[in-house]
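Just below is one structure, and these are the notes that go with it.
Position 1 is the first residue of the sequence; numbering continues from there. Keep in mind the model is a prediction, meaning the values are calculated, not measured. When reading the values below, keep in mind they use all heavy atoms of this one structure, side chains included, and skip hydrogens, waters and symmetry mates.
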Amino acid sequence: MSRLMHVKSGPYAPPAPTRELTASSADGARLHIEVHGPEDAPAVVLAHGWTCSTAFWAAQIRELATGHRVIAYDQRGHGRSPASPACSADALADDLEAVLKATLAPGEKAVIAGHSMGGMTVMAAATRPGFREHAAAVLLCSTGSSRLVAESTVVPMRPGRLRTWLTKHILGSRAPLGPVTPVARAILKYATMGPGSAPHMVEACARIVHACPRKVRYAWSHVLDLLDLDHGVRELAVPTAVVVGTADRLTPPVHAHALAAALPQCLGVTELPGLGHMTPVEAPQLVTGKIRELVTTYTQSTTYTQSTTHPQSTTHPQSTTHTQVKEGA
């Protein structure tokens, strides 16, 4: 498990959950789950990305929990979920199914949001009965389904075998990240965030990422290197919105547009000018608003009331419009 480093104050400090529980995945792996908000409110499930934890969703949890039941869980080996020898896309799908079963009533629908590897989790689970039983709509943030290393622009050189080789070895390094220092923050900001990201955003992300155990980071880097979930995208048969930063070096916009072209019910792509890979942290209001919009449109509840501002851009069912939005820090 990680060292659970995160900021202690401000918008990215994780709020205290209403309750906590543990789910068992298909292979017995234990998954830490947090539930926030009223038990009778419409459900939102949050799946974080590689090297992160439930703390990554702090801004979304804080805003949504006033009128939603927000369910966030730690991917295996991340946060408070113990590491497991099994690291694969199928394991990610098993884990999401286990979380849905443990937290939702039979037939209950939820909006499921996945960031980076969390989005890949959703794609991997697209054909699973448990996912189809519970998914009302999906938000995919800063993610892709295949060719992740080949398309990455972390290494600033022309595409080709050399760039792919260098990227693979940088992202898959066994080296420990060490303490969060000014140099470490600068490296993380370059690789994962937009150039205009505020220092408190960088600090929040650095603490979370540096808390991920080295062996876990290394093991999952190999899964991402070989990942091919193109088939899962074509089977993701629920309304799905896509968000990407134009300065995302890990999953550049080419991935978002490929997803939009393959998704059966894409609601459009929202591009965020100048933002990087950590969109839920870099554009908290936009991402939260997208989730709230999906809840309003695709889940049935008489208890839900909107209490904050609508997102700055709106997409509509069956739309393939690509929208650019300027999001204030």
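- Checking Ser53 against His48 by side-chain atom types alone, no donor-acceptor pair falls below 3.5 Å.
- Not a single donor-acceptor pair under 3.5 Å links the side chain of Thr54 to the backbone N or O of Asp74.
- Linking ILVMFWY residues whenever their side-chain heavy atoms come closer than 4.5 Å, directly or via other members, places Val223 and Val122 in the same cluster.
- Considering every non-hydrogen atom in both Tyr73 and Ala47, the closest pair reads OH-CB, 3.7 Å.
- At distances below 3.5 Å, at least one donor-acceptor pair connects side-chain atoms of Lys109 with backbone N or O atoms of Glu133.
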For this session: Evaluate side-chain contact (heavy atoms from CB on, under 4.5 Å) for His68 paired with Arg292, printing each intermediate quantity in order.
Result: CA-CA 9 Å; His68 304 74; Arg292 184 177 285 112; 4.1 Å; yes

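- A side-chain N or O of His257 and one of Glu271 form a donor-acceptor pair less than 3.5 Å apart.
- Side-chain contact between Cys141 and Val287 is present, with heavy atoms from C-beta onward closer than 4.5 Å.
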Problem set entry | His277 vs His115, ring pair (Phe, Tyr, Trp, His ring centres under 6.0 Å): CA-CA, chis, key distance, verdict | CA-CA 9 Å; His277 185 67; His115 170 259; 4.9 Å; yes

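- Thr299 contributes no side-chain N or O that, together with a main-chain N or O of Ala110, makes up a donor-acceptor pair within less than 3.5 Å.
- Judged by distance alone, with hydrogens and angles left aside, the side-chain atoms of Lys189 form a donor-acceptor pair with the main-chain N or O of Pro195 at under 3.5 Å.
- By the rule that hydrophobic residues join a cluster once side-chain heavy atoms approach within less than 4.5 Å of another member, Ile170 and Leu162 end up as members of one cluster.
- Nearest heavy-atom pair, Val7 versus Arg207, reported as atom, atom and distance to 0.1 Å: CG1-CD, 3.6 Å.
- Counting only heavy atoms from C-beta outward, the side chains of Pro129 and Glu97 approach each other to under 4.5 Å.
- Scanning all heavy atoms of the two residues, the minimum distance from Ser142 to Asp248 falls at CB-OD2, 3.6 Å.
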For this session: Decide side-chain contact (heavy atoms from CB on, under 4.5 Å) for Leu272 and Glu282; before the verdict, give the C-alpha distance in whole Å, the side-chain angles of both, and the deciding distance to 0.1 Å.
Result: CA-CA 10 Å; Leu272 304 177; Glu282 296 178 79; over 6 Å; no

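- Linking ILVMFWY side-chain heavy atoms closer than 4.5 Å, directly or via other members, places Val243 and Leu46 in a single hydrophobic cluster.
- Two residues are said to be in side-chain contact when any heavy atoms from C-beta on lie closer than 4.5 Å; Thr192 and Val209 fail this criterion.
- Two residues are said to be in side-chain contact when any heavy atoms from C-beta on lie closer than 4.5 Å; Leu31 and Arg76 meet this criterion.
- Under a hydrophobic clustering in which Ile, Leu, Val, Met, Phe, Trp and Tyr are joined whenever their side-chain heavy atoms come within less than 4.5 Å, directly or via other members, Leu21 and Val99 fall into the same cluster.
- Salt-bridge check for Glu34 with Arg80: failed, with every basic side-chain N at 4.0 Å or more from each acidic carboxylate O.
- Note that the CG atom of Asp90 and the CZ atom of Arg128 stand 5.5 Å from one another [nearest 0.5 Å].
- Judged by distance alone, the side chain of His255 and the main-chain N or O of Thr143 form no donor-acceptor pair under 3.5 Å.
- For the atom pair SG of Cys52 and CD of Gln75, the computed distance is 10.0 Å after rounding to the nearest 0.5 Å.
- Defined by atom type and a distance below 3.5 Å, a donor-acceptor pair is missing between the side-chain atoms of Asp94 and Ser25.
- Across every non-hydrogen atom of Ala113 and Ile291, the tightest pair is CB-CD1, 4.0 Å.
- Remark: side-chain polar atoms of Ser81 are not paired, donor with acceptor, to backbone N or O of Gly79 under 3.5 angstrom.
- Neither side chain, Thr127 nor Glu235, offers a donor N or O lying under 3.5 Å from an acceptor on the other.
- Residues Leu171 and Tyr218 fall into different hydrophobic clusters, defined by Ile, Leu, Val, Met, Phe, Trp and Tyr side chains chained together at heavy-atom separations under 4.5 Å.
- Remark: Arg234 CZ to Leu259 CG distance equals 11.5 Å, nearest 0.5 Å.
- A donor-acceptor pair under 3.5 Å links the side-chain atoms of Gln60 to the main chain of Pro280, judged by distance alone.
- Inter-residue side-chain proximity for Ser221 and Trp50 is flagged as met; some heavy-atom pair is nearer than 4.5 Å.
- The local environment of NZ in Lys168 is sparse, with at most 12 non-hydrogen atoms from other residues, nucleotides or ligands closer than 6.0 Å.
- For the pair Val269 and Ala260, the tightest heavy-atom approach, listed with the atom from each and the gap, is CG2-CB, 3.5 Å.
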For this session: Under the side-chain hydrogen bond (donor to acceptor under 3.5 Å, both in side chains) rule, what do Ser145 and Asp230 come out as? Steps first, then yes or no, please.
Result: CA-CA 5 Å; Ser145 59; Asp230 292 347; 2.6 Å; yes

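- Of the possible donor and acceptor atoms, none in the side chain of Arg249 sits under 3.5 Å from a partner among the backbone N and O of Ser152.
- Judged by distance alone, with hydrogens and angles left aside, the side-chain atoms of Arg62 form a donor-acceptor pair with the main-chain N or O of Pro11 at under 3.5 Å.
- Using a 30° and 60° split on the angle between ring planes, His169 and Trp165 fall in the tilted class, from 30° to 60°.
- Counting heavy atoms from C-beta on, the side chains of Met278 and Phe56 come closer than 4.5 Å.
- Put simply, the side chain of Arg69 gets close to the backbone of Ala41: a donor and an acceptor are under 3.5 Å apart.
- Counting heavy atoms from C-beta outward, Asp225 and Leu148 have side chains that stay 4.5 Å or more apart.
- Taking 4.5 Å as the limit, some side-chain heavy atom of Met157 sits within range of a side-chain heavy atom of Leu166.
- Contact between Pro176 and Arg214 at its shortest, heavy atoms only, is N-CD, 3.5 Å.
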